[in-house]
Amino acid sequence: MKLFETMNQHGHERVAFHVDPATGLKAIIALHSSVLGNALGGTRRWAYTDESEAIRDVLRLSEGMTYKSAATDLPMGGAKSVIMIEKGKVPTEAEARAMGRFVDTFAGKYIAAEDVGVNTQYCDWMAQETSHIMGGETVSHGGDPSPFTSQGTFNAMKACLAHAGRKVEFSGLKVAVQGLGATGYRLAKLCRDHGATVIGTDVNPAAIERAVKELGVVALNPGQDIFAQECDILAPCALGAALNHTTIKHLKCAIICGTANNQLHDAAVDGPALKQRGILYGPDFIVNAGGVIRLAGLYLGMTEAALDKKIEQIEQTTTAVLKEGKNDPSEHVAAVNYAKRRIEAGRKAKLAQPAMA
Ligand code: NAD
């Protein structure tokens, strides 16, 4: 990969690599943009096949965070970090603290939080080395953001239903959830509690068992493909790139609205492909903004009431973006433009400020 060229193309400000020989930590932090403010973004801990895959992931994820924060009108930039692990490597306090020291080198321009493979305990461990952590178990670190992500995505589902000209009601609907982890499980619960039938899948048998037992989720049989199931709403809630040239041709859903980041494998191709198939796509960084609203809002000192209101507003933001998307090649393009307008306004406002003496 031509790293500088890619950074330049996508507007990344800074990418930092770090190795801690004592713990085996190998990590990357990508700061995409600090135009609107300091950047909050989760830390993903994953067994990547190689370094290129990890770099691609952190670049894509950090860019998405910039758009996510901007679209929701948070005065925050966008960044993300990834930790490369060997498959099955158990997270340790020592590794997390080494990561915390790495985060601290950004002196507050980057604030780390949870993502796939990193939980509240891990955030608390990182926070022993730096004050620039959100998402830990203690109140001052904000706690687990995933219930707020799920709630925001559920609110966005309502906007998608209305935009598709359907009744905004879940009873009688069939929702298919890929990934029944922290966000997928809660989204499945919200849909079930509002009367929908939920079918689901996960690569982790324990996650399926729990969702079947506790929520009455209908599990797919081995060999059945969640992307080929007839349903009203498909909710990708696992890893990115779930929507690609292989899955899109099999889809039998009216709407896609899920919590996963970077759902489109290649946004330039897969966004328009969904539109051509007549499938309404709730852009990922618009619909899954509940978690960042929660953590960034607490970091910025917002009240609980203001935070709840902002998560409620995901429904209106989704509606506005989907309306714009009618004339765009894809809903994803509309969402990026929606966010970029806010970043540009922020850049101009900064330039208009008098220089410090
Ligand atoms: P999680 O790790 O708790 O859950 C993900 C689940 O997906 C796991 O149970 C895993 O076994 C399953 N999974 C992985 N690959 C799969 C596959 N191919 N098929 C089926 N299941 C698969 O993570 P999470 O916090 O629920 O995050 C899920 C997605 O949502 C991620 O893309 C994350 O970046 C995004 N997201 C999460 C938050 C949050 O608040 N946690 C906020 C915004 C976006």
Side-chain angles (χ1 to χ4, degrees), residues 40-48 57-58 60-65 67-69 71-72 74 78 80-82 87-88 91 112-123 134-136 142-154 156 176-190 199-212 217 219-220 222-229 234-244 246-247 257-265 282-298 311 314:
L40 187 144
T43 300
R44 179 169 291 190
R45 196 176 174 279
W46 193 250
Y48 292 100
D57 206 29
V58 79
R60 266 162 63 98
L61 289 165
S62 57
E63 186 177 354
M65 287 309 295
Y67 301 145
K68 192 185 299 199
S69 294
T72 193
L74 283 167
K80 201 92 180 179
S81 55
V82 296
K87 204 173 170 54
E114 314 181 305
D115 195 71
V116 177
V118 164
N119 59 16
T120 48
Q121 166 71 83
Y122 201 93
C123 289
M134 293 296 291
D144 178 6
S146 52
F148 303 92
T149 302
S150 308
Q151 182 62 55
T153 306
F154 182 71
V177 180
Q178 185 213 23
L180 294 158
T183 57
Y185 175 90
R186 288 191 181 86
L187 185 60
K189 183 170 188 321
L190 284 165
I199 59 172
T201 184
D202 198 292
V203 288
N204 174 5
I208 302 183
E209 208 179 294
R210 178 179 172 223
V212 170
V217 164
L220 296 188
Q224 272 188 308
D225 178 6
I226 191 90
F227 296 103
Q229 300 306 306
L234 171 71
C237 299
L239 294 184
L243 305 170
N244 53 54
T246 314
T247 53
C257 185
T259 61
N261 282 313
N262 294 331
Q263 292 172 28
L264 302 172
H265 174 71
D284 46 18
F285 64 81
I286 300 290
V287 311
N288 72 11
V292 80
I293 290 174
R294 174 80 191 167
L295 293 186
L298 289 172
I311 291 169
I314 289 177

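Indexing begins at 1, ligand by ligand and atom by atom, following the structure's order.
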- Item | E209 CD: over 12 foreign heavy atoms closer than 6.0 Å |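 Counting neighbours around CD of E209, 12 or fewer heavy atoms of other residues, nucleotides or ligands fall under 6.0 Å, so no.
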- Message: Give me the atom names and distance for the closest heavy-atom approach of T153 to L187.
- Response: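 Looking at all heavy atoms of both residues, the shortest contact is CG2-CD2, 3.9 Å.
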- Do the side chains of R186 and T259 get nearer than 4.5 Å, heavy atoms only? no
- Message: I'd like the residue list for ligand 1, meaning every protein residue with a non-hydrogen atom under 4.0 Å from the ligand.
- Response: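 Residues R44, K68, D115, V116, P145, S146, T149, Q178, G179, G181, A182, T183, D202, V203, N204, C237, A238, T259, A260, N261, N288 each place a heavy atom under 4.0 Å from ligand 1, listed by chain and number.
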- Under 3.5 Å, is there a donor-acceptor pair between the side chain of Q263 and the main chain of L243? no
- Message: Using side-chain contact (heavy atoms from CB on, under 4.5 Å), reason through I314 and I293 one step at a time and then give a plain yes or no.
- Response: CA-CA 10 Å; I314 289 177; I293 290 174; 4.0 Å; yes
- Query: Rounded to the nearest 0.5 Å, how far does CG of D202 lie from CG of L220?
  - Reply: 11.0 Å
